[in-house]
Amino acid sequence: MEPIIEAINVEKFFQQPEGNRIQVIAPTSLSIYPGAIVALLGPSGSGKSTMLRMLTGLATPSAGQVLWHGKQLDGEIPHVAIVFQSFALFPWLTVLDNVEAPLVARGMGAVERHKRALRMLDTVGLDGFETAYPKELSGGMKQRVGFARAMVVEPEVLFMDEPFSALDVLTAETLRGELLELWLNRKMPISTIFIVTHNIEEAVLLADRVIVLGRNPGRIRADFQIPLSHPRERKAPEFVEFVDYIYTVMTQPDAEVAPPPQPLGQATVAAAPRPERKYTMLPHARPGGIAGLLELLADRGGRDDLYHLAEQLRLEVDDLLPITEAAVLLGFATLDKGDAHITADGMKYAEAGILQRKELFRDAALAHIALFQQVDQTLRAKTNHTIPLEFFRDVLDEYFSEEELERQLETVLDWGRYAEIFDYDSHTGRMVLSEPGTDHAEVAAQ
């Protein structure tokens, strides 16, 4: 079978003024074949949406090439359509006009586009709402309009960028079921669906094939088939086994990828060697969230399955993983095959009072995280024990993109101030060594 889309060693990076290169996606190759729902999973910052944009022609790879039926795009947009999470409807147009909009752009005659738009609205269950405006619709109905607008152009590949993440749980579940019903009953004039998601259950529920990305830089960690017939039962052992497997892949970014539970056809792709970095990317989790996770693990006898934990807490993977990664980074927990285990230090932290937790967090950050070690050493080396935050912005600039740099600095300030490693004066933009007996106001003014 010939692929519809081929990405050959595509890479995305941003060149810094001083000559350094921030790599967002490492050289990656993948092929999209007809007749399947493909889910692209990965934590925040892994480049899921960037990969989607390169595959659709909306973004140009920094290196490598994207082929459409064996031919390079060369600036042409392939025959695809995209459904976005933010609905992206024109508020001044009616539902019918919104669905007709891409056909107008293609120069289709009024009669034909009107018929086709009405047929698509009927397909997604919006018959009778043709003259309504987006402001009159619920979130689920707006997304149905988005589905109809994407399908009305009869694309060969339908791309969906986290299409259910902006909806409430029940509405999202209903739309997933409706999408699957349309696909299985061949009511969609589409050859392939490519869905970007951070929801592991959603991927296992819908997809025939799952691709898992790692991050920093983005790269394929695993690529495998899910040979389960539809409809899929969430509590079925084989369903849970796939969910646990994906959790394991995503929570062990440097471990060798084991084969999936029931491999079929598509082989697992081992992780590319991870480039050495002086500074580990800090997970974007707050100390309170880390403490809450450790308390839950302590209450559950010291361990719990991440899949069950997320289900009980009604958390998405993008909410739970950073908290778990932070606990592991600080030495408060370990991960093994999708299970989180609290360590002795983590148990001590969970049982400690407020002041002792600060001390334990401080000790852990200085013991395990190179950046906090450098901050502490730098402040101690200065005679006035203070330095501008801008200094560390320049240090980290060559390792992270501009957006990620700001997130890293926000986490550094949050953790460092909580653990009383340093204080920060937002007016002067200076970090001050936090030591008993130090007059921080006087030091900051120097």
Side-chain angles (χ1 to χ4, degrees), residues 43-45 215-216 251 253 277-297 318-335 340 342-343 345-382 385-397 399-401 403-426 428-436 438 440 443-444:
S44 293
R215 68 180 179 189
N216 199 27
T251 56
R277 282 181 174 268
K278 182 176 180 181
Y279 299 104
T280 301
M281 180 182 284
L282 299 179
H284 305 298
R286 295 187 177 277
I290 300 169
L293 173 66
L294 295 173
E295 289 176 11
L296 285 170
L297 290 176
D318 270 10
D319 299 320
L320 182 60
L321 280 184
I323 300 172
T324 308
E325 290 171 356
V328 172
L329 182 62
L330 291 163
F332 293 150
T334 60
L335 284 171
I342 195 168
T343 64
D345 287 341
M347 186 65 75
K348 187 184 299 184
Y349 185 88
E351 296 173 347
I354 295 175
L355 295 180
Q356 189 184 3
R357 280 186 175 182
K358 285 176 173 284
E359 295 175 6
L360 293 172
F361 198 102
R362 174 194 178 101
D363 292 343
L366 292 176
H368 298 287
I369 303 174
L371 180 57
F372 282 106
Q373 295 167 2
Q374 185 175 5
V375 170
D376 184 64
Q377 292 167 5
T378 302
L379 290 174
R380 290 181 185 280
K382 291 287 300 297
H385 303 304
T386 176
I387 197 166
L389 177 64
E390 197 66 26
F391 172 78
F392 291 102
R393 186 188 303 275
D394 291 340
V395 168
L396 298 177
D397 182 59
Y399 295 94
F400 302 106
S401 65
E403 181 181 359
E404 185 56 44
L405 173 60
E406 295 306 317
R407 287 160 59 89
Q408 289 294 302
L409 290 175
E410 180 182 340
T411 302
V412 167
L413 291 177
D414 189 31
W415 289 16
R417 295 165 89 176
Y418 167 76
E420 298 184 1
I421 297 172
F422 57 80
D423 289 332
Y424 177 66
D425 188 327
S426 59
T428 63
R430 299 185 72 86
M431 306 166 75
V432 185
L433 185 66
S434 182
E435 290 280 28
T438 300
H440 298 132
V443 171

Working to the nearest 0.5 angstrom, can you tell me the gap between [X] [atom1] and [Y] [atom2]?
X	Y	atom1	atom2	value
E325	L320	CD	CG	9.5 Å
L282	L409	CG	CG	9.5 Å
L389	M431	CG	CE	6.0 Å
L329	I290	CG	CD1	8.5 Å

Measure the shortest side-chain to side-chain distance between [X] and [Y] over non-hydrogen atoms and say whether it is less than 4.5 angstrom.
X	Y	answer
D376	F372	no
F392	Q374	yes
L396	L371	yes
Y424	R430	no
V412	F422	yes
T386	T428	no

Next item on the list: Please report the C-alpha distance between E351 and E295 in whole Å, then the side-chain angles of each, then the deciding distance to 0.1 Å, and finally whether the side chain to side chain contact (heavy atoms under 4.5 Å, CB included) criterion is met.
Entry: CA-CA 8 Å; E351 296 173 347; E295 289 176 11; over 6 Å; no

Shortest non-hydrogen contact from [X] toward [Y]:
X	Y	answer
A326	P283	N-CG, 3.6 Å
A365	I421	CB-CD1, 4.1 Å
I323	A285	CA-CB, 3.8 Å
T411	H284	OG1-ND1, 3.1 Å
A327	L294	CB-CD2, 4.4 Å
P287	D414	CD-OD2, 3.4 Å

If we ignore hydrogens and angles and just use 3.5 Å, is the side chain of [X] paired with the main-chain N or O of [Y] as donor and acceptor?
X	Y	result
W415	F361	no
Q408	M281	no
H385	L379	yes

Residues which pass side-chain contact (heavy atoms from CB on, under 4.5 Å) with [X], listed by chain and number, not counting sequence neighbours:
X	value
A364	L330, F332, H368
A352	Q356, R357, L360
E410	R286

Notebook entry, point to check: Taking 4.0 angstrom as the limit, do R407 and E404 come out as a salt bridge?
Noted result: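 So R407 pairs with E404 through a salt bridge.
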
Check: Is the count of non-hydrogen atoms from other residues, nucleotides or ligands lying under 6.0 Å from K358 atom NZ greater than 12?
Finding: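 Yes, the 6.0 Å shell around NZ holds more than 12 heavy atoms from other groups.
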
Next item on the list: Test side chain to side chain contact (heavy atoms under 4.5 Å, CB included) on R393 and E406 and set out the steps.
Entry: CA-CA 8 Å; R393 186 188 303 275; E406 295 306 317; 2.4 Å; yes

